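Bear in mind that the values here come from a model prediction, so they are computed numbers and not experimental data. Just so it is clear, the values below take in all heavy atoms, side chains as well, and ignore hydrogens, waters and symmetry mates.
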Amino acid sequence: MAEAISYPRRVHIITTKFPVNFYDFSVFGRSNIAPILLLADSKFQIPKTTETPDISHLYVRELYWWSEDRGWNGFTKAINKGVNNLIGLPNELHTLGRKQAENYMLDRLEDDGTLLSYYSSTFFMIYALLSVGYTKDHKVIKKAARGLLSMNTTVKDTIHIQYTTAHIWNTSLISHALQTAGASPDDTMVMRANHYLLQRQHTKFGDWAIYQPNLGPGGWGFSHSNTFNPDVDDTTASLRSIQNSLHSHPNYQSSWYRGLSFTLGMQNQDGGFPAFEKGVDKTFLHLLPVQGAEFLLTDPSTPDLTGRTLEFLGESAHLYKDSGAIKRGVNWLIENQRRDGSWYGRWGICYIYGTWAALTGLQAVGVSKEHPSVQEGIDWLKSIQQDDGGWGESCESDSQKTYIPLSKSTVTQTAWAVDALIAYEKEETVEIKKGMEYLLENWNHEDWTMDYPMGQGMAKAFYIHYHSYRYVFPLLTMGHYMRKFM
C-alpha cells in the first residue's frame, strides 16, 4: 500500500507575476538553467592538469553556448543589464538571486543525491556549488557524485552512464504489455511489478504545484529515485498497469483515484496535455538564444502526450466520451494535426510515434474512422509503409520538421504504425498483414536498427535508446491483433 501523503517539499507560491519569471521555464529546463546561470555569472573555471580529458572533439562552433553575444552568456548579460536598471539595490538583488539559484538546487535533491534524478543537472550542480564556495569533500557534492556513479550500466561489455534510470517507465510498460498479451493480473510477476509501482507513487508536492497548488500528489516519475517530479506519461502508464488489479486488490483503489485526479488536473487550458507541468507554455521563450529552446525551455501540450492520455482515459479509466476533458483533448488533437495527416511526437521518433498516439487516443474516446482527421492519419501511415512491410523513421525528422524515412524499417516503429491501424480497421488489411509479417520475421533480428534511438529528450542533441521497446511494443501490438482478429 502506498505511504500516506506528506508535505516536506510543498512549494510555497513565489512571485510569478512578472511577465517572465524563473518558473515560466520547464522543470527540465530550469533544473539545468539554475546551475548554468551560477557558473556563467561566476565565470567558473578549473585549472587544466595532466589528468584533464581532451574534449575538443565536442566543440561545434555553430552550437557553442558560451560565445560573447549569444547563448547563455548573452542571456545572463541581458538579465544582469535588466537588474542593474532596477530602482533599488542591484548588488543585493544579485546576491539574493545567486542564493535563490543555490537553494533551488538544494531543495530538489533526491535521496540518492541527484538533482531531480537527472545526470546533466546534477553534473552542472556539482560545479555550480564549487563556484559558490563548496569544497570537493562537501557531503552534498560527494553524495551527488555517488548518485551519478549509480547511473552507470553495462551494455555489450561497455560501461554507459544513463541520463537517468527508467525503472518506472519500463516496469509499467512491460507489465501492461504482458497483461494485454494474456498474463493474469494475479500472476506473480505482474503482482510484483504492480506492488513496486505502488511503492513509487508520489506523495510529495513538486514544482508542478506552483501553478496547481490545490492539486494533490498522486503521479509517478520516470526513474526509481524520482519522488516529487512526476510526469503525465509515467502516471498513465503506471495506472494502465494496475488497472486490472483494482477489483481483486481493493488497496489499489486509492492509488488509482489519486493518479487519475493528478492526470486530469494536468490538462492545459488549450485542452492538450503536457509532460511535467500545466501552463508552462509561453512560446515567446523560444526566441531566447538557447539551443533547442522550444524543447528545453517550455513544456507545452504535445500530440503524443495528449493522444496517450486520451487512450488511457477512454480505455482504462472509462471516462464518459462527452466529458469536458475528453472533448477538449480531442479538439486540441484535431487542431494540431499536420497538413499531411500526421502528428508530431515530442518524446518519441517522431511523426510515426505522434500519429500512433493520436490515432489510438482518438479511437479510445469514440472518434469514428469516418472523421476526416482520422482518415488522413490512417492514409498517411499507409503511405509511408516501406517495401519490406515495416515502418522506419529517422531522428532527423525532428530537426528537419518533416518526416524523414530510415533506410530500413524498425520493429518498434512498425509496431506503433500497425497498432494504430489495428485500432481503427474492422478487418485485417493488406497493410496490417504485411506489418505483422515484418514483426514476426524480425522481432529478434540483430542489426543496427535494434539500437537505433526511439525516444528523444531534445531534438538535435539528446536521443534515447530504450532497450525494452523492441519487446514491449511488438508484444502490445500482437496482443491487440489477437484480440481483434483471432
Side-chain angles (χ1 to χ4, degrees), residues 166-194 196-197 222 233-234 236-245 304 307-308 311-312 315-316 345 347-349 352-353 355-357 359-361 363-364 381 385 388-393 408-425 428-429 431-447 449-455 464-486:
H167 291 58
I168 307 301
W169 185 238
N170 285 328
T171 300
S172 57
L173 289 182
I174 293 170
S175 177
H176 174 59
L178 288 170
Q179 292 177 72
T180 300
S184 168
D186 294 322
D187 184 284
T188 301
M189 181 168 50
V190 174
M191 291 178 65
R192 291 181 63 195
N194 288 344
Y196 169 78
L197 290 174
F222 186 75
D233 223 3
D234 277 282
T236 59
S238 297
L239 291 172
R240 284 187 191 92
S241 180
I242 70 173
Q243 164 196 359
N244 295 327
S245 301
D304 48 334
R308 284 178 55 79
E311 191 271 342
F312 161 74
E315 290 291 336
S316 301
W347 298 97
I349 310 298
I352 294 176
Y353 184 72
T355 304
W356 161 68
L359 287 176
T360 53
Q363 192 279 331
L381 280 178
Q385 187 172 22
D388 59 9
W391 281 259
E393 182 175 1
K408 289 187 65 176
S409 298
T410 72
V411 294
T412 298
Q413 291 168 330
T414 298
W416 291 337
V418 175
D419 195 45
L421 297 179
I422 290 172
Y424 268 109
E425 300 292 357
E428 183 181 18
T429 64
E431 292 83 6
I432 292 175
K433 184 176 186 297
K434 290 173 64 178
M436 290 299 297
E437 289 173 349
Y438 177 88
L439 290 177
L440 292 171
E441 293 171 2
N442 294 277
W443 74 272
N444 205 28
H445 181 70
E446 294 295 340
D447 65 8
T449 64
M450 293 300 187
D451 296 326
Y452 195 77
M454 291 292 114
I464 306 170
H465 170 48
Y466 292 99
H467 294 79
S468 65
Y469 275 22
R470 61 183 290 186
Y471 306 108
V472 167
F473 290 110
L475 181 61
L476 188 69
T477 298
M478 291 175 185
H480 290 155
Y481 176 90
M482 292 179 65
R483 289 186 179 188
K484 194 162 189 178
F485 301 128
M486 297 183 70

task: Could you go through the side-chain contact (heavy atoms from CB on, under 4.5 Å) check for Trp416 and Phe473 one step at a time?
output: CA-CA 7 Å; Trp416 291 337; Phe473 290 110; 3.4 Å; yes
Work out which heavy atom in [X] is nearest to a heavy atom in [Y]; give both atom names and the distance.
| X | Y | value |
| --- | --- | --- |
| Gln363 | Tyr424 | N-OH, 3.0 Å |
| Trp391 | Glu431 | CH2-O, 4.1 Å |
| Lys484 | Ile422 | NZ-O, 2.6 Å |
| Ser409 | Asp388 | OG-OD1, 2.7 Å |

Could you state the interatomic distance from [atom1] ([X]) to [atom2] ([Y]), rounded to the nearest 0.5 Å?
| X | Y | atom1 | atom2 | answer |
| --- | --- | --- | --- | --- |
| Leu421 | Glu428 | CG | CD | 11.5 Å |
| Asp304 | Asp233 | CG | CG | 7.0 Å |
| Tyr469 | Asn170 | OH | CG | 8.0 Å |
| Ser468 | Ile174 | OG | CD1 | 5.0 Å |
| Glu393 | Ile349 | CD | CD1 | 7.0 Å |
| Met191 | Ser245 | CE | OG | 7.5 Å |

Does a side-chain heavy-atom distance below 4.5 Å link [X] with [Y]?
| X | Y | result |
| --- | --- | --- |
| Asn444 | Arg470 | yes |
| Val411 | Thr414 | no |
| Lys408 | Asp447 | yes |
| Thr477 | Met436 | yes |
| Ile464 | Trp347 | no |
| Arg308 | Trp356 | yes |

- request: For the pair Trp169 and Tyr466, name the ring-plane relationship: parallel under 30°, tilted 30 to 60°, perpendicular over 60°.
  value: tilted
field: Glu311/Arg240 ion pair, N-O < 4.0 Å
entry: yes
- prompt: Would Ser241 and Thr171 count as a side-chain contact (heavy atoms from CB on, under 4.5 Å) if you check the C-alpha gap in whole Å, the side-chain angles of each, and the deciding distance to 0.1 Å?
  reply: CA-CA 9 Å; Ser241 180; Thr171 300; over 6 Å; no
